[in-house]
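Because the structure is predicted, anything quoted here is derived from the model rather than measured.
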Amino acid sequence: MSLPMIKFPQFAPDISSLSTGVSSLIRNALPRLDGYGPFQALVSFTKALGKTCRGYFFARRSDGSIAVFAGTDTDLFLLNNIDFTWTNVSKGSVPYSPVITTAQWQFAQFNDTVIAVQVNTPPQAYTLGSSTLFADLGGSPPNAGSVAVVNFFLVLTDLLSNPRRAQWSDLGVITTWTAGIGLSDFQDLSDGGSCHSVAGGDSNGIIFQDSAIRSLIYAPGSSTVFQIVRIAQDDGIYARYSVINAGSRIFFMSPQGFKKIDPGGVPVEIGKGRVDDFFKSDVDTSSLQLVIGASDPTQTRVYFGYKSQSGSAGLIDKILVYDWTIGSNGSWGLITGQTIEYLASLAKPGLTLENLDAIAPTPLNVLGAAATAGGAFGAGKVRLTLNAVSNANFQIAGQNFIVVQGIVGTVEANGTWLAAQINIVDATHLDINLPFTHAWVSGGQIGGSLDALNFSLDSISNAAQAQLSAMSSAHQAGFFTGPNLEAILETEEQDSQGDMIFIGEGVIPITNCKTVMGSIGFRQTAQDDVSYTTESQVNARGYCPLLCEARYARGRLRFPFGATWTYSRGLQPDVQQAGDT
């Protein structure tokens, strides 16, 4: 007989899953209100940065377009929004003193100025719309490792000259740093250790020290400028880059575990008894600069990437995800299999009208079209014969997409084709990955006038919604928009109260995945290691056929890489007491 559905519970590897209502294994799946959903693979869209990324950031220009900056150990770069290559914009076009091994570049935007900091160089400034290179921020601010905007002040911490000090600019004037000039000032904190990180906000900021956490509240009219109030004692920051601003909340990793701070509140535990011990036993404590927090502004989730003890040097290989809206205290999951250098939220640059010159200049003429006999996309695809694959005004190579227009006959070739859908065969031939259907009659161009474009300019956005992103181990930025990763979900372990149970027909997976695989973890005593049955794929009757007799059992579903699914709630086992007829 089938029992009621056993739901996939919350992920809590810190405690036993034997009749505790938690799961010790939720991998590559995101918490949902009705269970779990898939997590997608990273897909890069930029060219390689050239060296390991040590931090990246996006800023919004006054016209709404996006500027993406990234740092390596010695240089700062700006992303070209047309071909997605990186341009070195370091001060004077010369390398900086290297970022220390245990640190990263940090960024902030104040109006049209992007500020980049690392302790081995003065704070760097780049004015959107006018700068071509970074330059020292005016006013001689101190070298710092952390920066944030609090109210209308630029605040620096992790100072090279005085690690216990927090220092801020004048109100609205980030080039004034002399104490007593305007509202520029500093505060040395007598206890709590070094000021490692600062999180910004309109109403107040949060300063994270070794063993104290303090709020930074602007006090108009006060001679002290900021009211600095300790909100946690004998607690502080464990990994300085774990701090996340997500809406009005702040999330971070303290020596006691993962915590959050609500507006005007104090640190509250969110990982105790669930993932804190798992993380502490798994993280590489010699690489805490790779414990990096990021939010997904499109969701109510935050992500903590880290290098595990088994991970490759210098790379993040695991990500803990937390959704603060599910359950009474949020819900966790674990992402593996994505090897990355850095984690951050990012908005993908779009195109401005000026950028459209790259897709609508002097055109390339189509001289013919035929079916391919082979090639990169196989036989039977469209092959265009051109007067050339490039000219002085237009190059196909390196473009994110091309526009083919005006072909008579082989009309299926007319359209907008992404770079992945085209292949340059030689100097006069181009393949498109679509079936050749109609004989070519005449005409056709790639590029041309804006008036001849076969899509609306309204369909091109110059800015996009920020979302979770990462820099791959190949130094390329991208988004998690690829195929669904292989996911594994387990139920809590079921205790038959000393009796043996028999699962005869198998389990019914409650999911919309048509290729899901099921298995059962079982053991006879609480001292035994868990063994698993051979897994089986869901059949036409909705069962994963399985046989198992045990005293303790847990259900497992595996979703193959690339499988199509959106949810998984749990499973229904066909179970009875062993020996029953």
Ring centroids only, cut at 6.0 angstrom: are [X] and [Y] within range, meaning strictly under it?
| X | Y | answer |
| --- | --- | --- |
| Y322 | F258 | no |
| F522 | Y552 | no |
| F11 | W332 | no |
| Y36 | Y567 | no |
| Y56 | F69 | no |
| W324 | F251 | yes |

Any non-hydrogen side-chain atom of [X] less than 4.5 Å from a side-chain atom of [Y]?
| X | Y | value |
| --- | --- | --- |
| L489 | R27 | no |
| I326 | L33 | yes |
| T72 | C53 | no |
| I206 | V198 | no |
| L334 | F278 | yes |
| N423 | N433 | no |
| R554 | V530 | yes |
| S281 | Q309 | no |

Inset, instruction - Output, in order, the C-alpha distance, side-chain angles, deciding distance and verdict of side chain to side chain contact (heavy atoms under 4.5 Å, CB included) for F377 and L434. - result: CA-CA 9 Å; F377 303 128; L434 80 158; over 6 Å; no
Determine yes or no for a side-chain-to-main-chain donor-acceptor pair under 3.5 angstrom, with [X] supplying the side chain and [Y] the backbone.
| X | Y | result |
| --- | --- | --- |
| S287 | L290 | no |
| Q494 | A553 | no |
| S17 | S24 | no |
| S44 | T46 | no |
| K514 | V538 | no |
| N28 | T336 | yes |
| S469 | A344 | yes |
| T410 | H438 | yes |
| E492 | T20 | yes |
| E341 | G314 | no |

Is it true that [X] and [Y] make a salt bridge, defined as a side-chain N closer than 4.0 Å to a carboxylate O?
| X | Y | answer |
| --- | --- | --- |
| R541 | E505 | yes |
| D296 | R301 | no |
| K259 | D235 | yes |

Inset, instruction - Apply side chain to side chain contact (heavy atoms under 4.5 Å, CB included) to the pair L485 and Q338, showing each step before the final yes or no. - result: CA-CA 9 Å; L485 294 179; Q338 300 291 279; 3.4 Å; yes
Measure the spacing between [atom1] of [X] and [atom2] of [Y] and express it to the nearest 0.5 Å.
| X | Y | atom1 | atom2 | value |
| --- | --- | --- | --- | --- |
| F39 | N484 | CZ | CG | 10.5 Å |
| I422 | L384 | CD1 | CG | 10.0 Å |
| I270 | D276 | CD1 | CG | 8.5 Å |
| T101 | R54 | OG1 | CZ | 6.5 Å |
| H196 | S146 | NE2 | OG | 10.5 Å |
| F77 | H475 | CZ | NE2 | 11.0 Å |

If you measure only the distance, is there a donor-acceptor pair under 3.5 Å linking the side chains of [X] and [Y]?
| X | Y | value |
| --- | --- | --- |
| Q524 | R551 | no |
| D317 | T339 | no |
| S308 | D282 | no |
| T372 | D431 | no |
| R60 | Q109 | no |
| Y532 | R556 | yes |
| D284 | Y306 | no |

Shortest non-hydrogen separation from [X] to [Y] and the atoms involved:
| X | Y | value |
| --- | --- | --- |
| A347 | V68 | O-CG2, 4.3 Å |
| V22 | S16 | CG2-O, 3.8 Å |
| G378 | K381 | O-CG, 3.8 Å |
| G330 | Q10 | O-OE1, 3.1 Å |
| I237 | S242 | CD1-OG, 3.8 Å |
| L30 | P38 | CD1-O, 3.6 Å |

Legend entry - Candidate pair L346 and F57, rule side chain to side chain contact (heavy atoms under 4.5 Å, CB included), full reasoning: CA-CA 7 Å; L346 180 66; F57 175 82; over 6 Å; no
Is it the case that over 12 heavy atoms from other parts of the model lie below 6.0 angstrom from the [atom1] atom of [X]?
| X | atom1 | value |
| --- | --- | --- |
| N512 | CG | yes |
| K7 | NZ | no |
| K272 | NZ | no |
| R569 | CZ | no |

Legend entry - Candidate pair E493 and R523, rule salt bridge (charged side-chain N to carboxylate O under 4.0 Å, His left out), full reasoning: CA-CA 10 Å; E493 190 169 45; R523 53 183 174 166; 2.6 Å; yes
Inset, instruction - Specify whether F84 and F45 have parallel, tilted or perpendicular ring planes, treating 30° as the upper limit for parallel and 60° as the lower limit for perpendicular. - result: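 Judged by the thresholds at 30° and 60°, the geometry between F84 and F45 is perpendicular.
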Legend entry - Y238 vs Q256, side chain to side chain contact (heavy atoms under 4.5 Å, CB included): CA-CA, chis, key distance, verdict: CA-CA 8 Å; Y238 179 74; Q256 300 173 3; over 6 Å; no
